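Fair warning: this is a prediction, and the values are worked out from it, not measured in the lab. Computation of the quantities below employed the complete heavy-atom set of this structure, encompassing side-chain atoms and omitting hydrogens, waters and symmetry-equivalent molecules.
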Amino acid sequence: QVQLVESGGGLVQPGGSLRLSCAASGSTFIINTMAWYRQRPGEQRELVASINSGGLTNYLDSLKGRFTISRDNLKNMVFLQMSSLKPEDTAVYYCNSLPLGYYLKWGQGTQVTVSS
């Protein structure tokens, strides 16, 4: 059973930066692509960025240039470096597979609040 634990969120001013971490435990070798998702207040969960085992990345178009996804395969960790944060980035951020067909249990997520 794979467990996902997100961390690194917090309160940050507009224009600031945060680095989110996702630690995955268990048998993750079958998962090629990992991703970050977020759920903004009052909205449905959306895909933010993904990265496959070879390091190929994809991003939500509106986030390109501000967010960077990376991974450490040996440590079974995925990261999301966020810069130039905006109030509309406020959300609970989650990691999981892409696609979601592996039915990994969602972690608790980590809250990111961008406000002055």
Side-chain angles (χ1 to χ4, degrees):
Q1 179 72 38
V2 175
Q3 291 181 301
L4 303 171
V5 180
E6 301 93 344
S7 63
L11 175 64
V12 64
Q13 294 183 334
S17 300
L18 284 174
R19 184 174 186 260
L20 307 183
S21 298
C22 170
S25 62
S27 300
T28 61
F29 62 90
I30 63 173
I31 304 172
N32 180 49
T33 304
M34 290 294 293
W36 284 96
Y37 302 81
R38 72 182 181 186
Q39 186 168 19
R40 296 188 283 186
E43 299 184 8
Q44 294 184 327
R45 185 172 54 225
E46 64 182 344
L47 177 66
V48 172
S50 66
I51 182 168
N52 71 10
S53 60
L56 180 65
T57 60
N58 280 287
Y59 299 90
L60 185 66
D61 284 344
S62 63
L63 302 179
K64 288 183 177 179
R66 297 195 298 116
F67 287 21
T68 301
I69 188 171
S70 61
R71 67 190 296 170
D72 185 331
N73 291 327
L74 294 179
K75 295 182 178 180
N76 292 322
M77 296 190 72
V78 187
F79 308 95
L80 185 68
Q81 179 67 50
M82 306 183 295
S83 62
S84 301
L85 285 164
K86 304 175 180 180
E88 52 263 42
D89 295 320
T90 295
V92 179
Y93 286 74
Y94 304 87
C95 61
N96 213 304
S97 63
L98 180 68
L100 293 171
Y102 294 96
Y103 298 102
L104 302 181
K105 184 178 180 180
W106 293 97
Q108 81 284 358
T110 185
Q111 175 72 49
V112 172
T113 302
V114 184
S115 176
S116 60

In short, disulfide bond (SG atoms under 2.5 Å apart) pairs touching residues 33-75 with sequence neighbours left out are none

Once disulfide bond (SG atoms under 2.5 Å apart) is applied, what residue pairs with a partner in residues 57-89 remain, sequence neighbours excluded? none

Between Arg38 and Asp89, does any NZ, NE, NH1 or NH2 come within less than 4.0 Å of an OD or OE carboxylate oxygen? yes

Compare every heavy atom of [Y] with every heavy atom of [X], then report the nearest pair and how far apart it is.
| X | Y | result |
| --- | --- | --- |
| Ile31 | Ser97 | CG2-CB, 3.8 Å |
| Ser50 | Leu98 | CB-CD2, 3.5 Å |
| Leu4 | Cys22 | CD2-SG, 4.3 Å |
| Val112 | Met82 | CG2-CE, 3.8 Å |
| Arg40 | Ala91 | CG-CB, 3.6 Å |
| Pro41 | Thr90 | CD-O, 3.5 Å |

Qualifying residues under side-chain hydrogen bond (donor to acceptor under 3.5 Å, both in side chains), relative to [X], sequence neighbours excluded:
| X | answer |
| --- | --- |
| Asn73 | Arg71 |
| Ser53 | Asn32 |
| Gln39 | none |
| Thr113 | Gln111 |

Once you round to the nearest 0.5 Å, how far does [atom1] of [X] lie from [atom2] of [Y]?
| X | Y | atom1 | atom2 | result |
| --- | --- | --- | --- | --- |
| Glu6 | Cys95 | CD | SG | 4.0 Å |
| Trp36 | Thr110 | CH2 | OG1 | 7.5 Å |
| Leu80 | Thr68 | CG | OG1 | 8.0 Å |

Check: Thr57 side chain, Ile69 main-chain N or O, donor-acceptor pair, under 3.5 Å: no

Could you tell me which residues satisfy side chain to side chain contact (heavy atoms under 4.5 Å, CB included) with Lys75, sequence neighbours excluded, listed by chain and number? Asp72, Met77

Under the rule for side chain to side chain contact (heavy atoms under 4.5 Å, CB included), what residues qualify as partners of Val12, not counting sequence neighbours? Leu18, Leu85, Val114

How would you list, by chain and number, every residue that makes a salt bridge (Lys or Arg N to Asp or Glu O under 4.0 Å) with Glu88, sequence neighbours excluded? none

Residues that Asp61 engages under salt bridge (Lys or Arg N to Asp or Glu O under 4.0 Å), provided they are two or more places apart: Lys64

Could you name each residue pair satisfying ring-ring contact (aromatic ring centres under 6.0 Å, His included) that touches residues 39-98, not counting sequence neighbours? Tyr94-Trp106

If hydrophobic clusters are built from ILVMFWY residues whose side chains come within less than 4.5 Å, do Leu60 and Val92 share one? no

Looking at Gln108, I want to see if its CD is surrounded by more than 12 non-hydrogen atoms of other residues, nucleotides or ligands under 6.0 Å. yes

Is any side-chain heavy atom of Lys105 closer than 4.5 Å to one of Gln1? yes

Check whether any side-chain heavy atom of Val78 lies under 4.5 Å from a side-chain heavy atom of Ile51, and answer yes or no. yes

Taking side chain to side chain donor-acceptor pair (under 3.5 Å) as the cut-off, I'd like each qualifying pair that reaches into residues 10-23, sequence neighbours left out, listed once. none

